[in-house]
Amino acid sequence: MAQGTTTKKVITNSENDARPFGMRDKIGYMFGDLGNDMTFMLQSMFLMVFYTEVWGVSAAQVGLLLMIARFVDAFTDVGMGIIVDKSARTNEGKFRPWIRRIAGPVAISSFLIYQTGLQDMGMGFKIVYMYITYLLYGSIFYTAINIPYGSMQAAITSNPTERTQLSQFRSMGATLAQLIIGSVTPLIIYSTINGQEVVKTDSTFTILAGVFSILAVLFYFFCYKLTTERVNVDAASVEETVTVEKQAFGKELWTTIKGTFGALKNRALIGIIFTALFMILAQLMISSINNYLFPNVYNTSDALSQFNMINPIIALVIATPIAPIIANRIGKKEFGILALGLSALAFGSLYFIRPENVIVYMAFAAVGMFGFFSFNVVIWAMITDVIDHIEIETHHRQDGQVYSLYSFSRKMGQAIAGGVSGIALSAVGYQSGAVAQSEEVLNGIFNLGTIIPAIAFLLAALSLVFIFPLGKNKVNENAAILENRRNNG
């Protein structure tokens, strides 16, 4: 054996060796995102409400936390992508073991955030505790389970149509989580005092967080047990052994990091990153501001619960089954432009119409969310298209690393949404814990919940139009090239 090389055993598995891809895999993959979103949706929809209304932290402080956390994610996301790509493949697969390992820690760290018993502690203590627990949850444990989970899609099947089906079921999992958390939580956390909707400050939040954390672990277990990794996505998947150049750890790590960020030169990755950033910015601005818009502008938390219930149902019944069919017919990119354009039009119309009736507001907003949900059904399959495209250009597969960059773009959208919503709420004069807000503040809240999402959805659509190059014909061409490469060894 040549000096400077070593032999590493690679456990191989192929689609021919495993049971056929089927409904079990799709249901299992759905449970994975259902597990993710038992904690993520609670955080994205109600974390700011907990901090501002229960703990009394200013919205600007919360916005700053969310922005700082996402910058920390710039390192943890990419670092986790590198760890996943370099992890050894086992009999369980390459990605599934991470679901088993991290399910408990991510659920516990989420529960630790929502401790109402600490609301009487000093503000300094609360700020420190807020940073420690939120970074532990979002930047470490959620990253450590979400990156492998997203990367696992390419290992379950190599068929583009089946990957779209996995994306469809993943979207179903997220939608079910949003339905459960979005409709149930407002009914429980709000109470009426002197005719005004206010948030409860007792142990309600803590109990809810505990229930959702237990459900998250249960759903992760189902994901782990029901899915099967068939495709060996390692760079040397066709060989029993590979020769690996010995390098100092620091040099190897630096080389990998450069390669990861080098993928940012790829136009397809840049396009999907910008699309995701603006789309998530819009969606989370809506989720965050709605918690202030419905109780204050329209003085009804029941409407918030109804809105959060109706939209996921529409997504499940209409968007989820129809979106993949249309996307497969006209192309995922082409479908995304239409869906995001519809969302921009709906929320832009709300800004100019400014309806006084909450039902009219909900109707327009539901159209906008339908566009978002429809595109969100297929976007996960688009990530795999990007990974395939990069593999064709570089002859090197980077599932975990590319997915981590995409995940980071979504978290940047979260950061901007959290920062903008928190700082903007303070800027328009919103007072935490106040029973009533001024007319000027109410107008400001309405503007935040309509025009900013409209602009963000429009920018997401334009990113697909002018940057993202993978239309229907290109995706099919890439799939044929990769199939030919693998069939010929």
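In what follows, every heavy atom counts, from backbone to side chain, and hydrogens, waters and symmetry copies are set aside. Bear in mind that the values here come from a model prediction, so they are computed numbers and not experimental data.
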J.: Looking at every non-hydrogen atom in both residues, tell me the closest pair between Gly341 and Ala461 and how far apart they are.
T.: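 Of all heavy-atom pairs spanning Gly341 and Ala461, the closest is N-CB, 4.2 Å.
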J.: Please tell me if the side chains of Met80 and Pro148 come closer than 4.5 Å, counting only heavy atoms from C-beta onward.
T.: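 Of all side-chain heavy-atom pairs linking Pro148 with Met80, at least one is under 4.5 Å.
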J.: Distance check, rounded to the nearest 0.5 Å: Asn290 atom CG versus Met362 atom CE?
T.: 10.0 Å
J.: Are the aromatic ring centres of Tyr29 and Tyr149 under 6.0 angstrom apart?
T.: yes
J.: Going from CD1 on Ile451 to CE on Met285, what distance comes out if it is rounded to the nearest 0.5 angstrom?
T.: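 Here the rounded value is 11.0 Å.
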J.: Is there a side chain to side chain contact (heavy atoms under 4.5 Å, CB included) between Val54 and Ile189 once you walk through the steps?
T.: CA-CA 10 Å; Val54 178; Ile189 67 172; over 6 Å; no
J.: How far apart are the closest heavy atoms of Ala69 and Ser139, and which atoms are they?
T.: O-OG, 3.4 Å
J.: Thinking salt bridges, do Asp388 and Lys474 make one under a 4.0 Å N-O criterion?
T.: no
J.: Would you find a donor on one side and an acceptor on the other, under 3.5 Å apart, between the side chain of Ser183 and the backbone of Met309?
T.: no
J.: Compare every heavy atom of Pro453 with every heavy atom of Leu448, then report the nearest pair and how far apart it is.
T.: O-CD, 3.4 Å
J.: Please identify each residue that fulfils salt bridge (Lys or Arg N to Asp or Glu O under 4.0 Å) with Arg96, with sequence neighbours left out.
T.: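 Scan of Arg96 (salt bridge (Lys or Arg N to Asp or Glu O under 4.0 Å), adjacent residues dropped) gives none.
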J.: Applying side chain to side chain contact (heavy atoms under 4.5 Å, CB included), run through Thr39 and Phe111 and close with a yes or a no.
T.: CA-CA 8 Å; Thr39 59; Phe111 171 72; over 6 Å; no
J.: Please check if the side chain of Ser343 supplies one atom and the backbone of Gly368 the other of a donor-acceptor pair under 3.5 Å.
T.: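 Such a contact is found between Ser343 side chain and Gly368 backbone.
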J.: Is it true that a side-chain atom of Asn266 and a backbone atom of Leu269 form a donor plus acceptor pair closer than 3.5 Å?
T.: yes
J.: Using only atom types and a distance under 3.5 Å, with no angle test, would you say the side chain of Gln168 pairs donor to acceptor with the backbone of Thr320?
T.: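 Checking the backbone N and O of Thr320 against the side chain of Gln168, a donor-acceptor pair under 3.5 Å is found.
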J.: Passes side chain to side chain contact (heavy atoms under 4.5 Å, CB included), Arg485 versus Ile481? Steps please.
T.: CA-CA 6 Å; Arg485 282 185 187 176; Ile481 292 172; 3.9 Å; yes
J.: At their closest point, which heavy atom of Phe335 faces which heavy atom of Ser374, and how far apart are they?
T.: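 Phe335 and Ser374 have their closest heavy atoms at CE2-O, 3.4 Å.
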J.: Hey, is CZ on Phe21 packed in by over 12 heavy atoms from elsewhere, all under 6.0 Å?
T.: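 Buried by this count: over 12 neighbours within 6.0 Å.
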J.: If you round to the nearest 0.5 Å, how far is OG of Ser110 from CG of Leu42?
T.: 6.0 Å
J.: Evaluate the side chain to side chain donor-acceptor pair (under 3.5 Å) criterion for residues Asp302 and Tyr190: first the C-alpha distance (whole Å), next the side-chain angles of each, then the deciding distance (0.1 Å), finally the verdict.
T.: CA-CA 9 Å; Asp302 287 344; Tyr190 285 96; over 6 Å; no
J.: Please check if the side chain of Thr157 supplies one atom and the backbone of Ala154 the other of a donor-acceptor pair under 3.5 Å.
T.: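 Such a contact is absent between Thr157 side chain and Ala154 backbone.
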J.: Quick check, are the ring centers of Tyr361 and Tyr298 under 6.0 angstrom apart?
T.: yes
J.: Counting distance only, does the side-chain N/O of Asn311 pair as donor-acceptor with the main-chain N or O of Phe307 below 3.5 Å?
T.: yes
J.: Please work out whether the ring planes of Phe50 and Phe205 are parallel, tilted or perpendicular, with thresholds of 30° and 60°.
T.: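 Correct class here is perpendicular.
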J.: Between Lys472 and Asp385, is there a side-chain N and carboxylate O pair less than 4.0 Å apart?
T.: no
J.: Just wondering, do Phe370 and Phe373 contact through their side chains at under 4.5 Å, heavy atoms?
T.: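 Counting from C-beta outward, Phe373 and Phe370 never come under 4.5 Å.
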J.: Any side-chain to backbone donor/acceptor pair from Ser109 onto Val106? Under 3.5 Å, distance only.
T.: yes
J.: Mind listing the closest non-hydrogen atom pair of Arg267 and Phe466 along with its distance?
T.: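 For Arg267 and Phe466, the tightest heavy-atom pair comes out as NH2-O, 3.3 Å.
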J.: Between Phe40 and Tyr142, is the ring pair (Phe, Tyr, Trp, His ring centres under 6.0 Å) condition met? List the steps.
T.: CA-CA 8 Å; Phe40 176 77; Tyr142 184 78; 5.6 Å; yes
J.: Side-chain contact test, heavy atoms from C-beta onward, threshold under 4.5 Å: evaluate it for Ile180 versus Phe212 and give yes or no.
T.: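 Heavy-atom side-chain distance check passes, below 4.5 Å.
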J.: Does the side chain of Met48 come within less than 4.5 Å of Ser421's, by heavy atoms?
T.: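 Of all side-chain heavy-atom pairs linking Met48 with Ser421, at least one is under 4.5 Å.
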J.: List the steps and the verdict of side chain to side chain contact (heavy atoms under 4.5 Å, CB included) for Leu65 and Met130.
T.: CA-CA 8 Å; Leu65 163 68; Met130 184 173 76; 3.4 Å; yes
J.: Going from CG on Asn159 to CZ on Arg230, what distance comes out if it is rounded to the nearest 0.5 angstrom?
T.: 11.5 Å
J.: Looking at every non-hydrogen atom in both residues, tell me the closest pair between Phe294 and Ala303 and how far apart they are.
T.: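 Heavy-atom minimum between the residues: CD2-CB, 3.7 Å.
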J.: Taking the side chain as C-beta and beyond, is there a heavy-atom pair between Asn478 and Leu470 under 4.5 Å?
T.: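 They are in contact (side-chain heavy atoms under 4.5 Å apart), so the answer is yes.
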J.: Is the side chain of Ser287 donor-acceptor paired with the backbone N or O of Leu284 at a distance under 3.5 Å, no angle test?
T.: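 Checked: no pair found.
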J.: Is there side-chain contact between Ser171 and Met30, with heavy atoms separated by less than 4.5 Å?
T.: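 Side chain of Ser171 against side chain of Met30, heavy atoms only: no contact under 4.5 Å found.
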J.: Please check: side-chain N/O of Thr143 versus main-chain N/O of Gly138, any donor-acceptor pairing under 3.5 Å?
T.: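 Yes; judged by distance alone, with no hydrogens or angles, the pair exists.
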J.: Within this structure, what is the OG1-CG distance for the pair Thr300 and Leu293, rounded to the nearest 0.5 Å?
T.: 11.5 Å
J.: Excluding sequence neighbours, so at least two apart, what forms salt bridge (Lys or Arg N to Asp or Glu O under 4.0 Å) with Glu483?
T.: none
J.: Compare all side-chain heavy atoms of Val377 with those of Met172 and state whether any distance is below 4.5 angstrom.
T.: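 Answer no - side chains too far apart.
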J.: Looking at Arg100 and Glu92, is there a salt bridge between them, counting it only when a charged N and a carboxylate O are closer than 4.0 Å?
T.: yes
J.: So, do Tyr134 and Tyr51 sit near enough that their side-chain heavy atoms are less than 4.5 Å apart?
T.: yes
J.: In sequence, state the C-alpha distance, the side-chain angles, and the governing distance for Asp25 and Arg19, and then conclude on salt bridge (charged side-chain N to carboxylate O under 4.0 Å, His left out).
T.: CA-CA 10 Å; Asp25 295 283; Arg19 62 175 177 77; 2.9 Å; yes
J.: Under a 3.5 Å distance rule, please check whether Gln153 uses its side chain to pair with a backbone N or O of Arg163 as donor and acceptor.
T.: yes
J.: If you count every heavy atom of other residues, nucleotides or ligands that lies below 6.0 Å from Lys200 atom NZ, does the total exceed 12?
T.: yes
J.: First locate atom CD1 of Ile140, then atom CD1 of Ile145, and finally report the distance between them rounded to the nearest 0.5 Å.
T.: 14.5 Å
J.: Quick check: Phe219 with Phe31 (ring centres under 6.0 Å apart)?
T.: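 Here the rings of Phe219 and Phe31 have centres that are less than 6.0 Å from each other.
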J.: Does Arg89 come within less than 4.0 Å of Glu229, counting only side-chain N to carboxylate O?
T.: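 Judged by the 4.0 Å cut-off on N to carboxylate O distance, Arg89 and Glu229 do form a salt bridge.
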